Every structure is written in C-alpha cells, then in structure tokens.
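Mind having a look at this structure? Questions to follow.
Nothing here was measured: the structure is a model prediction, and the numbers come from that model.
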There are 2 protein chains.
Amino acid sequence: MQSAQSVFRNFLRSRRLKFTSERQAIVQTVEKFSRPFEAEELLLQLRQFNHRISKATVYRTLKHLVDARLLNPVFFGAGRQSYYDFRGGGRDHDHLVDVETGMILPFENAQIDALCDQIAVRLGYHALSHRFQIIGRRTNSPR
Amino acid sequence: MQSAQSVFRNFLRSRRLKFTSERQAIVQTVEKFSRPFEAEELLLQLRQFNHRISKATVYRTLKHLVDARLLNPVFFGAGRQSYYDFRGGGRDHDHLVDVETGMILPFENAQIDALCDQIAVRLGYHALSHRFQIIGRRTNSPR
DNA sequence: ATGGGTGCAAATGCTTTGCAAGTAC
DNA sequence: GTACTTGCAAAGCATTTGCACCCAT
C-alpha cells in the first residue's frame, strides 16, 4: 500500500507529466479530508498552510487526481459544484446524505457491487462502476 | 391515477400559484419524454410545437415540477447541467449509463429500496430516497 | 533545452434574477 | 383588483481557457 503521494507521482511519470511543488501540496492536502470536499474548500485549506496556489491550478490538478483514481467526483443534489471524495486506497464506499443538515456519511456495503452486476447483465451490460447515494433523516430527528 | 397535468394543476392550486398556458404546454411536453432530458431539449421540443416560451420560464417551471414530484432531477457524470426524469406516476426507477455512448437505460429493481433501508437503519437513519446509477459497457461492445 | 506548468484575467455554459408589462384568479 | 407570471437581458457561479512567463526533467 503506497502513499497517495507516490501513487500520484507514478501516475504523472507514466504520462510524462511533472510532479511540481503545487501538485505535491495538493495531494498532501487532499488526503487529509475525511469527507467529500469542494474545490473551494481545498483552496482555503491550502491557503491556511501558506500555499498560494491559484484556483486554475487547483482545478487542473483535481482533474489529474481523478484520472489517477485517487479522487472520485461526486455530485450531491443541490448545488451544481462537484465534490471530490478521496479514495485512500481503502475500499470503495458510497454516501448517505442527511436531508436536514446536508451532512455526508460514508458507508460500505458488499451487496451493492453484486447488485450492479446482476442488473447490468440483465440489460446486456457489464458494470464498470456506480454512483449511489441514500437521502435520509436521522431516526428520532425532530419533525 | 391522474394525468400529470391535473397533478400539476392541483399542486399549483395548493400553493396559490397559477396554471398558465406556458405551464400547461410544459407539463404536456415533459410527460412525452421517455428518458431523462435537459432543459435545452425541452425548450427545443416546445419550439417544435410552436410554443414560444422563454428559457427563464422553462427553468422556473421545471423547479415547480420538481416540487410537485412530477420530475426528478438527475446528475450524470460529465456535464454540470441537470437532467430531469419524468416520474409518470410509474414506479421509481434508476439508470444505467452506457460508458461508450452516454445512452441512458432506465431500470427498476425491487431490492434497492430494501437495501437502502437496511443501510440507513444501521447508520441510525431512515431512508427517504436514493440516487443510483450504474456505469457499464455493453457486453460484446468493441473494446 | 524544452515540453509541460503556473497565475492571472477573461471566457464559458448552465442557471438565476431584476424589472416592467401582462394575466389568472 | 391584485398577486403571481412572463420575457428579456443582465447577473451569478463553478469551472475552463488563452497567454506570457517559469521550471521539472
């Protein structure tokens, strides 16, 4: 199990792209998020650690991180902006969104992949991946 | 089982909103789509039937149709724009996206709701709804 | 040395909004 | 009569891009 940083470095090398100090700061910051984050949040986090990286570079690097399969882009209902979910080499997971607070809870479920395969096969397809979110209300949540 | 039009009319009445000719044309057009559509497609369709409705009105009405639960907003991977999926009173369904062509196939699966409930309960939640997409490749699809 | 990278500002593309005039109730 | 609606054009907002200069390899 390698660090996100070395995974990224190898990915970049394989495409003859460069491992700059901006990209290094971004991977390191990205892997500290314990929940899906927006580009803007990442930018703020970088600023807090005195990295003055432009928004353009952040967006360009996010794309590479998605290509490198270190991040998964996720769209939650409301806003139009994308969230990025760090796949820390850990198993894939999906999310439950708290309808009251917008809080995001990750969960893993072994049955989902099997279900995807089953459904895809019936349609004459082979499942490659999926997007799955549950919208829920906390039990005993007021109202 | 009522028509989408009367569902919408009742919804509007309940909120003291008006059932204008623009809104009538939009519900009627919307329910003819057999797959998720974009705002722009709806606009084109309206134009084809000689309805000169502004983009602003289309967007405003789409919002009401979502509130009325006649449409479900769906976000597919790539673009940032929303798709709208007509819930013709039929049962809820999800989608498989063809990774090659972008084609969208709807499917129904009875196990999904049970799975959502099961997962939500474990997290101390009650499942209200879900979003689920499978990304797949056609079996025997060239490469 | 050189092909890719960076910041900046302007551009993009979907969606929303302010406003003045029109219309369903 | 009076809210609510409409169309238009302008504004918003997340993201992308053109460009001149910079730097990892």
Side-chain angles (χ1 to χ4, degrees), chain A residues 5-6 8-27 29-30 36-47 50-68 71-85 102, chain B residues 5-6 8-27 29-30 36-47 50-68 71 73-84 102:
Chain A
Q5 189 172 142
S6 64
F8 195 36
R9 200 207 306 258
N10 290 338
F11 166 82
L12 291 171
R13 187 149 38 204
S14 75
R15 301 217 179 170
R16 270 163 228 164
L17 301 177
K18 294 165 185 173
F19 189 66
T20 61
S21 63
E22 288 84 354
R23 291 177 179 174
Q24 178 173 38
I26 292 173
V27 221
T29 305
V30 140
F37 59 90
E38 304 164 38
E40 198 61 37
E41 289 180 84
L42 172 56
L43 199 57
L44 285 173
Q45 202 65 57
L46 286 163
R47 293 282 147 83
N50 295 319
H51 293 114
R52 331 209 84 273
I53 299 181
S54 73
K55 195 170 283 203
T57 295
V58 165
Y59 277 105
R60 288 188 274 234
T61 304
L62 283 170
K63 266 193 180 151
H64 290 313
L65 288 165
V66 168
D67 284 350
L71 292 181
N72 208 12
V74 188
F75 294 85
F76 293 108
R80 237 154 303 119
Q81 83 279 30
S82 181
Y83 282 76
Y84 296 87
D85 191 29
Chain B
Q5 191 173 137
S6 64
F8 194 37
R9 200 207 306 257
N10 290 338
F11 166 82
L12 291 172
R13 187 147 40 204
S14 76
R15 300 216 178 171
R16 262 155 239 173
L17 300 176
K18 294 166 185 173
F19 189 67
T20 61
S21 62
E22 288 84 356
R23 290 177 180 172
Q24 179 174 38
I26 292 173
V27 221
T29 306
V30 140
F37 58 89
E38 305 163 39
E40 198 61 37
E41 290 180 83
L42 172 55
L43 199 56
L44 285 173
Q45 202 65 57
L46 287 163
R47 292 283 147 82
N50 296 318
H51 294 113
R52 328 210 86 272
I53 299 181
S54 74
K55 195 170 281 203
T57 295
V58 165
Y59 277 105
R60 288 187 275 234
T61 304
L62 283 170
K63 265 195 178 145
H64 289 313
L65 288 165
V66 169
D67 283 351
L71 292 182
V74 188
F75 295 85
F76 293 107
R80 237 155 302 117
Q81 84 280 29
S82 181
Y83 282 76
Y84 296 87

Quiz prompt | Whole-Å distance separating the CD atom of A:Glu41 from the P atom of D:dT15 | solution =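 Computing the A:Glu41:CD to D:dT15:P distance gives 11 Å.
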
Practice problem: Please figure out whether B:Thr20 or A:Ala39 has its closest DNA chain D nucleotide nearer the 5' end. | Solution: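 Upstream on the strand: B:Thr20.
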
Quiz prompt | Residues in contact with DNA chain D, drawn from residues 55-63 of chain B - heavy-atom cutoff 4.0 Å | solution =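 Per residue number, the list reads B:Ala56, B:Thr57, B:Arg60.
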
Self-check item: Contact summary for B:Pro73 and B:Val66, nearest pair of heavy atoms
Solution: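 So the minimum-distance heavy-atom pair works out to CD-CG1, 4.0 Å.
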
Quiz item: With a non-hydrogen cut-off below 4.0 angstrom, is A:Glu22 in contact with a base, only sugar-phosphate, or nothing?
Solution: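 Here A:Glu22 touches the backbone only, sparing every base.
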
Quiz item: Quick one: B:Arg16 CZ to D:dT5 P, roughly how many Å, whole number?
Solution: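 Nearest whole value for this atom pair: 13 Å.
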
Quiz item: Once you round it to whole Å, what is the distance between P of D:dA14 and OH of A:Tyr83?
Solution: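 In whole Å, D:dA14 P and A:Tyr83 OH are 10 Å from each other.
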
Quiz item: What integer distance in Å separates A:Gln24:CD from D:dC23:P?
Solution: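 The distance from CD of A:Gln24 to P of D:dC23 comes to 16 Å, rounded to the nearest Å.
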
Quiz item: Does any non-hydrogen side-chain atom of A:Asn10 lie less than 4.5 Å from one of A:Arg13?
Solution: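 Yes, at least one pair of side-chain atoms sits under 4.5 Å.
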
Quiz item: Is there a donor-acceptor pair under 3.5 Å between the side chain of A:Arg9 and the backbone N or O of A:Phe19?
Solution: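 Answer holds: no.
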
Exercise. Test B:Gln81 against B:Tyr83 for side-chain contact (heavy atoms from CB on, under 4.5 Å), laying out the working first.
Key: CA-CA 7 Å; B:Gln81 84 280 29; B:Tyr83 282 76; 3.8 Å; yes

Exercise. Check the distance between D:dT16's P and A:His64's NE2 and give it to me in whole angstrom.
Key: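 Answer to the nearest Å: 12 Å.
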
Practice problem: Please report, rounded to the nearest Å, how far the P atom of D:dG7 is from the CD1 atom of B:Ile53. | Solution: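 Nearest whole value for this atom pair: 7 Å.
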
Self-check item: A:Tyr84 side chain reached by A:Pro36 side chain, heavy atoms, under 4.5 Å
Solution: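 The answer is no; the side chains never approach within 4.5 Å.
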
Practice problem: Can you see which heavy atom on A:Gln5 is nearest to which on A:Gln24, and at what distance? | Solution: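 Closest heavy-atom pair between A:Gln5 and A:Gln24: OE1-NE2, 2.9 Å.
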
Quiz item: Which heavy atom of B:Arg15 sits nearest a heavy atom of B:Asp67, and at what distance?
Solution: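 In terms of heavy atoms, the two residues are closest at NH1-OD2, 3.7 Å.
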
Quiz prompt | Between D:dT5 (P) and B:His51 (NE2): distance, integer Å | solution =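 Roughly 19 Å, once rounded to whole Å.
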
Quiz prompt | Side-chain heavy-atom pair A:Leu44, A:Phe37 within 4.5 angstrom cut-off | solution =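 Answer no - side chains too far apart.
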
Less than 3.5 Å apart, which donor and acceptor atoms pair up between the side chains of residues 53-65 of chain B and the rest of the protein, not counting sequence neighbours?
unit_1, atom_1, unit_2, atom_2, d
B:Ser54, OG, B:Thr57, N, 3.2
B:Ser54, OG, B:Thr57, OG1, 3.2
B:Lys55, NZ, B:Glu40, OE1, 3.3
B:Thr61, OG1, B:Thr57, O, 2.8

Quiz item: Considering heavy-atom distances to DNA chain C, does A:Arg23 or B:Lys18 have its closest nucleotide positioned more toward the 5' end?
Solution: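 Its nearest nucleotide being more 5', the pick is A:Arg23.
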
Self-check item: Between P of D:dA3 and CG of B:Leu12, the distance in whole Å
Solution: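 It works out to 19 Å between those atoms.
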
Quiz item: Can you pull the contact range of chain A along DNA chain C, 5' to 3', using atoms under 4.0 angstrom from its heavy atoms?
Solution: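 Nucleotide range in contact with chain A: C:dG3 to C:dT15.
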
